[in-house]
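The next block holds one structure in the form of structure tokens; read it before the comments.
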Number of protein chains: 2
Amino acid sequence: MATLPELLRERGIQPSAQRVAVAASVLDAGEHLSADQVLGRVRESFPQISRATVYNTLNLFVEKGLLRQLALTGGHTVFDPNTARHHHLVDEVTGRIYDVDWEAIHVADAEHVPGFHVRDYQVVLRGRRAD
Amino acid sequence: MATLPELLRERGIQPSAQRVAVAASVLDAGEHLSADQVLGRVRESFPQISRATVYNTLNLFVEKGLLRQLALTGGHTVFDPNTARHHHLVDEVTGRIYDVDWEAIHVADAEHVPGFHVRDYQVVLRGRRAD
DNA sequence: GTTCGTGCAAACGGTTTGCAACAAT
DNA sequence: ATTGTTGCAAACCGTTTGCACGAAC
């Protein structure tokens with residue numbers, strides 16, 4: 001297992017202390033965090049970090065393929081540390097987003113939409129947690 | 001074919017002149033319009049309408065099931081007059097959103113995610129227009 | 001010493017809200 | 001008379017940007 005600084009360097013990202021702290025917060029999280037949630041977590045270990053740095057860093061990570069950015073619910077974008085193919089389920093009550101295994105759903109013909117080059121796709125499910 | 005005022009009344013919406021104008025703009029549009037695009041169109045025939053009224057009206061229409069609200073690309077939410085089930089394709093170059101027929105893609109097992117009641121789902125495709 | 005990263009504050013764009021005037025019932 | 005609707009402006013929230021300081025190569 002590579003250390004975080006190594007991981008960043010592999011992606012062409014200079015591993016500053018702030019960036020490592022952001023990486024630690026967002027990659028460890030089993031959830032999908034908003035930028036402000038990341039800011040909150042990073043500040044626990046790095047109180048003086050600025051909002052702009054967190055936003056810039058998250059965008060950089062997305063650019064470099066370390067994170068995926070999701071815009072599933074209005075207005076809120078969220079960062080997904082799981083870069084493997086998978087689907088998403090949005091809880092309509094809480095707004096929380098859950099991962100759904102790629103193999104759990106079978107999709108046929110999604111790549112063959114006439115007139116388009118489909119680069120990627122996923123199923124977005126909406127519902128609520130069973131009691 | 002019901003007139004617009006009748007259509008609104010059927011959904012429990014008082015058909016004021018402004019609301020009818022918004023309905024005319026957004027329901028006719030074959031595309032997915034942002035709130036500001038709707039505002040622009042409505043102002044062609046109703047120049048004095050306010051931004052707040054358009055936003056409130058669009059939200060009301062979504063609440064009453066006349067429109068669907070889509071949040072597929074970061075920050076921009078868009079209104080879809082097509083209330084029939086269908087999928088969506090996002091052009092990564094232009095940001096434009098296209099409808100994909102429900103029957104064009106076959107999805108299996110989407111309703112059977114353990115621990116959840118899935119109320120609705122769709123496939124979201126990303127790609128670019130073929131030349 | 002030139003490039004790169006940071007922090008701060010201000011700007012920004014889309015959306016919402018508070019309120020007073022007005023129309024409908 | 002009560003309720004619902006509009007318009008305006010201001011507030012709001014998440015995000016981006018400009019700029020000057022400081023660190024890294």
Side-chain angles (χ1 to χ4, degrees), chain A residues 4-6 8-9 11-26 32-43 45-64 66-80 95 97, chain B residues 4-6 8-9 11-26 32-43 45-64 66-80 95 97:
Chain A
L4 278 180
E6 283 165 1
L8 297 187
R9 241 187 276 270
R11 304 273 182 157
I13 302 169
Q14 258 193 55
S16 73
Q18 288 89 335
R19 287 173 176 175
V20 173
V22 171
S25 294
V26 76
H32 303 79
L33 301 176
S34 69
D36 260 22
Q37 288 176 310
V38 175
L39 176 65
R41 297 200 175 197
V42 175
R43 282 210 164 138
S45 62
F46 213 119
Q48 77 279 20
I49 199 170
S50 82
R51 188 183 308 274
T53 297
V54 171
Y55 275 88
N56 291 337
T57 302
L58 289 171
N59 287 340
L60 180 66
F61 286 1
V62 170
E63 229 171 77
K64 300 295 188 182
L66 219 54
L67 290 177
R68 275 190 156 73
Q69 192 164 14
L70 304 178
L72 301 178
T73 67
H76 276 206
T77 83
V78 139
F79 296 89
D80 189 348
I97 296 169
Chain B
L4 279 178
E6 284 166 0
L8 296 186
R9 239 188 276 269
R11 304 271 182 161
I13 302 168
Q14 257 191 57
S16 73
Q18 289 89 336
R19 286 173 177 174
V20 173
V22 171
S25 295
V26 77
H32 303 80
L33 301 176
S34 70
D36 260 21
Q37 288 176 310
V38 175
L39 176 64
R41 298 200 173 197
V42 175
R43 283 210 163 137
S45 61
F46 212 120
Q48 77 279 22
I49 198 170
S50 82
R51 188 183 309 274
T53 297
V54 171
Y55 276 88
N56 291 338
T57 301
L58 288 171
N59 287 341
L60 180 66
F61 286 0
V62 170
E63 230 170 75
K64 301 295 189 182
L66 262 173
L67 291 177
R68 274 191 156 72
Q69 191 165 14
L70 303 177
L72 301 178
T73 68
H76 277 208
T77 83
V78 138
F79 296 89
D80 189 347
I97 295 170

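All values reported here derive from a predicted model rather than from experimental measurement. Note on naming: letters A, B, ... go to the chains in the order of the sequence lines (proteins, then strands), and numbering restarts at 1 for each one.
- As rounded to whole Å, 10 Å separates atom P of C/dG14 from atom CD of B/Q37.
- Partners of A/S16 by side chain to side chain contact (heavy atoms under 4.5 Å, CB included), not counting sequence neighbours, listed by chain and number: A/Q18, A/R19.
- Side-chain proximity of B/S50 to the nucleotides D/dG7, C/dG7, C/dG5 is greatest for D/dG7.
- Straight-line distance from the CG atom of B/L39 to the P atom of C/dG13: 15 Å, rounded to whole Å.
- The main-chain N or O of A/I97 is found under 3.5 Å from a side-chain atom of A/H32 such that the two form a donor-acceptor pair.
- Residues satisfying the side-chain hydrogen bond (donor to acceptor under 3.5 Å, both in side chains) criterion with A/N59, sequence neighbours excluded, are absent altogether.
- Here the C1' atom of nucleotide D/dT6 and the CG atom of B/L58 are 15 Å apart, to the nearest Å.
- Under the side chain to side chain contact (heavy atoms under 4.5 Å, CB included) criterion, B/R41 pairs with B/S25, B/A29, B/E31, B/L33, sequence neighbours left out.
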Heavy-atom contacts, protein to nucleotides 15-25 of chain D, under 4.0 Å, summarised as B (base), S (sugar-phosphate only) or - (none) per nt, yield BBB--------

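- B/L60 has its CG atom 15 Å from the C1' atom of C/dT16, to the nearest Å.
- Regarding A/Q48, its CD atom lies at a distance of 13 Å from the C1' atom of C/dC8, rounded to whole Å.
- Atom NZ in A/K64 sits roughly 11 Å away from atom P in C/dC4 (whole-Å rounding).
- Qualifying side-chain hydrogen bond (donor to acceptor under 3.5 Å, both in side chains) partners for A/N56, counting only residues two or more places apart in sequence or in other chains: none.
- Between A/S16 and C/dT6 there is a side-chain N or O to OP1 or OP2 distance below 4.0 Å.
- Here A/H76 pairs with A/T73 under the side chain to side chain contact (heavy atoms under 4.5 Å, CB included) rule; sequence neighbours left out.
- B/I49 places its CD1 atom 18 Å from the P atom of C/dC22, with the value rounded to the nearest Å.
- The distance between atom CG of B/L8 and atom P of D/dG4, rounded to the nearest whole Å, is 17 Å.
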